[in-house]
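Worksheet: one structure, shown below.
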Amino acid sequence: MSTLHDLQRPLGSTGLRVSPLGLGTVKLGRDQGVKYPNGFTIPDDAQALALLQQARELGINLIDTAPAYGISEQRLGPLLRGQRDDWVIVSKTGEEFEQGQSHFDFSAAHTRLSVERSLKRLETDRIDLLLVHSDGNDLTVLRETGVYETLAELKREGKVLAYGISGKTVEGGLLALEQGDCAMVTYNLSEQSEKPVLDYAASHAKGILIKKALASGHACLAEGVDPVRASFELIFAHPGVSSAIVGTITPAHLAANVATVAAVLQDIR
Ligand SMILES: NC(=O)c1ccc[n+]([C@@H]2O[C@H](COP(=O)([O-])OP(=O)(O)OC[C@H]3O[C@@H](n4cnc5c(N)ncnc54)[C@H](OP(=O)(O)O)[C@@H]3O)[C@@H](O)[C@H]2O)c1
């Protein structure tokens with residue numbers, strides 16, 4: 001069985017070491033307002049626990065959540081009880097999802113409240129990486145709202161160990177990396193416009209997490225090639241990439257993705 005235990009890599013200069021594949025948890029907490037090709041049922045606790053255990057056994061130590069992922073954070077607290085030190089936990093601030101609608105608040109007061117709430121929900125005293133969950137206006141959010149200054153304060157207080165942005169623009173990604181630790185970037189077979197952010201990270205020892213590595217599952221519908229392999233070949237060919245966060249709730253997909261990432265990294269070596 002292929003695992004990722006020996007393939008952990010540094011997350012930029014944060015001092016954190018992460019598996020090259022992380023587990024995205026939108027589908028553990030939210031089934032409204034999502035853009036997956038197929039409908040799905042949110043896994044129950046037994047299924048979620050089994051998925052987390054499978055991920056750990058396969059060498060995954062990175063998990064991505066957010067207040068905007070429905071009840072994802074609330075569920076992960078109890079589900080990860082007793083294994084806090086085995087995981088690098090990523091959460092976010094700025095987007096709230098209530099009654100089927102997103103709204104955004106990047107103010108200093110909300111940022112502090114949101115992070116304190118995430119600490120409680122996740123039953124922990126620190127969040128390894130805290131990302132601004134951008135609404136797309138990355139530069140305005142970073143420059144004019146107080147969110148980044150507040151995350152820097154929370155880092156000094158030890159409540160977050162590193163911070164950055166999950167953004168949508170090159171300019172925002174670059175500014176976020178100049179002043180912070182990590183960017184979460186969309187980079188897949190059909191969307192590579194944020195590549196300059198990866199280039200900057202590679203030359204400045206910053207962290208990069210890839211979101212929508214499989215284009216939210218749409219890449220998997222392609223015929224003729226192995227789209228999962230082709231996606232990971234593209235992603236890991238870039239030296240700036242720390243890890244790809246893939247949001248799966250299907251155990252067979254999790255195992256196949258791990259095997260494919262292990263094979264691709266083996267070929268690159
Ligand atoms: N910060 C942000 O703004 C933001 C935005 C989007 C996503 N994210 C993060 O990034 C994570 C991943 O993004 P995402 O969930 O949108 O997209 P993704 O990881 O590209 O795709 C997930 C979809 O692909 C399917 N899939 C996974 N492996 C597969 C395989 N081997 N074969 C066939 N289908 C497969 C999954 O279905 P199954 O469940 O059936 O495997 C799921 O529907 C999220 O969970 C979240 O943590 C962050």
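Not measured: the values here are computed from a predicted model. Counting convention: from 1, in listed order, for ligands and their atoms alike.
- Residue Arg112 forms a side-chain contact (heavy atoms from CB on, under 4.5 Å) with just one option from Thr93, Leu151, Thr150, and that option is Thr150.
- Counted within 6.0 Å of CD on Glu157, heavy atoms from surrounding residues, nucleotides or ligands total more than 12; the atom is thus considered enclosed.
- One finds a salt bridge joining Lys159 and Glu116 here, because a Lys/Arg side-chain nitrogen approaches an Asp/Glu carboxylate oxygen to under 4.0 Å.
- Atoms of ligand 1 lying under 4.0 Å from any heavy atom of Lys92, numbered from 1 in the order shown and given with element: 1 (N).
- Annotation for ligand 1: atoms under 4.0 Å from non-hydrogen atoms of Thr25 are 45 (O), 47 (O).
- One finds a salt bridge joining Asp85 and Arg126 here, because a Lys/Arg side-chain nitrogen approaches an Asp/Glu carboxylate oxygen to under 4.0 Å.
- Of the heavy atoms in Val228, only side-chain atoms (C-beta onward) come closer than 4.0 Å to ligand 1.
- Under 4.0 Å from ligand 1, the heavy atoms of Asn257 that appear belong solely to its side chain.
- Ligand 1 is never approached by Lys35 to a heavy-atom distance shorter than 4.0 Å.
- At least one donor-acceptor pair closer than 3.5 Å links the side chain of Ser13 to the backbone N or O of Ala205.
- Side-chain polar atoms of Ser19 and Asn61 form a donor-acceptor pair below 3.5 angstrom.
- The protein heavy atom nearest to atom 43 (O) of ligand 1 is Lys27 NZ, 2.8 Å.
- By the criterion of a heavy-atom distance under 4.0 Å, neither the backbone nor the side chain of Ser134 is placed next to ligand 1.
- Summary of contacts: the protein heavy atom closest to atom 27 (C) of ligand 1 is Leu214 CD1, 3.5 Å.
- Of all the atoms in ligand 1, the ones that sit under 4.0 Å from a non-hydrogen atom of Val246 are 19 (O), 27 (C).
- In this structure, the side chain of Ser216 does not engage the main chain of Lys212 through any donor-acceptor pair within 3.5 Å.
- Across every non-hydrogen atom of Leu174 and Tyr200, the tightest pair is CD2-CB, 3.5 Å.
- Protein heavy atom in closest approach to atom 35 (C) of ligand 1: His253 ND1, 3.5 Å.
- Checking side-chain atoms of Gln192 against main-chain N and O of Asn188 turns up a donor-acceptor pair under 3.5 Å.
- Taking only non-hydrogen atoms, the option from Ala213, Pro251, Gly247, Gly39 nearest to atom 19 (O) of ligand 1 is Gly247.
- For the residue pair Lys211/Ser166, the side-chain donor-acceptor check at 3.5 Å is satisfied.
- If you check which protein heavy atom lies closest to atom 14 (P) of ligand 1, you get Tyr36 OH, 3.7 Å.
- Below 4.0 Å from some heavy atom of Lys211 lie the following atoms of ligand 1, by number and element: 2 (C), 3 (O), 4 (C), 5 (C), 8 (N), 10 (O), 48 (C).
- In summary, the atoms of ligand 1 found under 4.0 Å from a heavy atom of Gly24, numbered by their order in the structure, are 45 (O), 47 (O).
- At the top of the distance list for atom 24 (O) of ligand 1, counting protein heavy atoms only, stands Gly217 CA, 3.2 Å.
- No heavy atom of Ala256 sits closer than 4.0 Å to any atom of ligand 1.
- Less than 4.0 angstrom separates some heavy atom of Met184 from each of these atoms of ligand 1: 1 (N), 48 (C).
- Close contacts of ligand 1 with His133, meaning ligand atoms under 4.0 Å from a residue heavy atom, involve 1 (N), 2 (C), 3 (O).
- Checking only distances, Ile249 does come within under 3.5 Å of ligand 1, N or O to N or O.
- Residue Tyr69 places a heavy atom under 4.0 Å from ligand 1.
- The neighbour count for Glu98 CD, taken as heavy atoms of other residues, nucleotides or ligands under 6.0 Å away, is above 12.
- Looking at atom 1 (N) of ligand 1, its nearest protein heavy atom turns out to be Ser166 OG, 2.6 Å.
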- salt bridge (Lys or Arg N to Asp or Glu O under 4.0 Å) between Glu73 and Arg117: does it pass, once the steps are laid out? CA-CA 10 Å; Glu73 281 188 321; Arg117 186 186 58 186; 5.1 Å; no
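- When each of Gln74, Arg75, Lys92, Arg30 is checked for a side chain to side chain donor-acceptor pair (under 3.5 Å) with Tyr69, only Lys92 meets the rule.
- Of all the atoms in ligand 1, the ones that sit under 4.0 Å from a non-hydrogen atom of Cys220 are 32 (N), 33 (C), 34 (N), 35 (C).
- Of the protein's non-hydrogen atoms, Thr250 OG1, 3.3 Å is the one closest to atom 38 (P) of ligand 1.
- When only modelled atom types and interatomic distance are considered, Thr169 and Asp138 share a side-chain donor-acceptor pair under 3.5 Å.
- In this structure, the protein non-hydrogen atom closest to atom 47 (O) of ligand 1 is Asp64 OD2, 2.4 Å.
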